[in-house]
Q: 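What follows is a single structure, and I will ask about it in a moment.
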Amino acid sequence: MGRELAYIISSLIKWGIFFGILYLIFTNFGTFLIIVFVLIAVAYYAFYQFKKKFKEQVHNQGFRFTFNSQDFSSNSSSNGGFDFREFEERFRQGGFNQGNFNHGGFNSLSELSEAKDFFGFTSDPTRDEIKRRYKELAKKYHPDINNHGDGLMQKLNHYKDVLLKAFPN
């Protein structure tokens, strides 16, 4: 039905243009403008009726997008809903800074919190704070300076990468 309607409208437009040009050639311009205005008004009315009929059809088929306050309640995560408090907590932990939900490539939210704890940060650090604290901890954990081995230094380098990916600014 849609293709037939489009074909009919297309044909009407083509014939309308053809007769409009002929009319312009053989009559005055003012009358032509009145006719064009009437044609535009008729087309607008037909479009309005089509739109109205489409909305009624969608409404009668039962498609409706609605939600209420219970959809966003704090206990809705147990039934598969969205828990805003949980989202807010994860957001504050710095999980969404890279524009994706994989936290810039590190494995989990706990890894970010472990990195912040290892560096001694209680809030979100800046890039300069991370570098400054890294230099302090590198002096403390360097295997040539003390006898801790290189395990702590490897951990320090890994956590530095995690923090720099999570807090690039």
Q: Just by modelled atom types, is the Tyr7 backbone N or O under 3.5 Å from a matching donor or acceptor in the Ser11 side chain?
A: yes
Q: First locate atom CZ of Phe19, then atom CD1 of Ile21, and finally report the distance between them rounded to the nearest 0.5 Å.
A: 11.5 Å
Q: Between CG of Leu137 and NZ of Lys139, what distance do you get to the nearest 0.5 Å?
A: 11.0 Å
Q: Is the Tyr48 ring parallel, tilted or perpendicular to the Tyr44 ring (thresholds 30°, 60°)?
A: parallel
Q: Side-chain contact test, heavy atoms from C-beta onward, threshold under 4.5 Å: evaluate it for Tyr134 versus Tyr159 and give yes or no.
A: no
Q: Are side-chain heavy atoms of Lys52 and Lys55 found at a separation under 4.5 Å?
A: no
Q: For the CG atom of Asp150 and the CG atom of Leu156, what is their distance to the nearest 0.5 Å?
A: 12.0 Å
Q: For Ala138 versus Met153, what's the shortest heavy-atom pair and its separation?
A: CB-CE, 3.8 Å
Q: Thinking salt bridges, do Glu56 and Lys53 make one under a 4.0 Å N-O criterion?
A: no
Q: Is there a ring pair (Phe, Tyr, Trp, His ring centres under 6.0 Å) between Phe121 and Phe167 once you walk through the steps?
A: CA-CA 12 Å; Phe121 295 127; Phe167 306 106; 8.3 Å; no
Q: Please name the pair of heavy atoms, one in Ser110 and one in Ser113, separated by the smallest distance, quoted to 0.1 Å.
A: O-OG, 2.8 Å
Q: Is the CD atom of Gln49 crowded by more than 12 outside heavy atoms at less than 6.0 Å?
A: yes
Q: Quick one: hydrophobic cluster around Ile145, which other residues, with the 4.5 Å side-chain cut-off, linked directly or via members?
A: none
Q: Roughly how far, to the nearest 0.5 Å, is the NE2 atom of His158 from the CD atom of Glu114?
A: 8.5 Å
Q: Do Glu136 and Arg133 pass the salt bridge (Lys or Arg N to Asp or Glu O under 4.0 Å) test, and can you show the C-alpha distance, the side-chain angles, and the key distance before you say yes or no?
A: CA-CA 5 Å; Glu136 293 171 7; Arg133 186 69 180 142; 2.8 Å; yes
Q: If you measure from CD1 on Ile8 to CD1 on Ile13, what distance do you get to the nearest 0.5 Å?
A: 12.0 Å
Q: In Å and rounded to the nearest 0.5 Å, what is the CG to CG distance from Leu112 to Asp124?
A: 8.0 Å
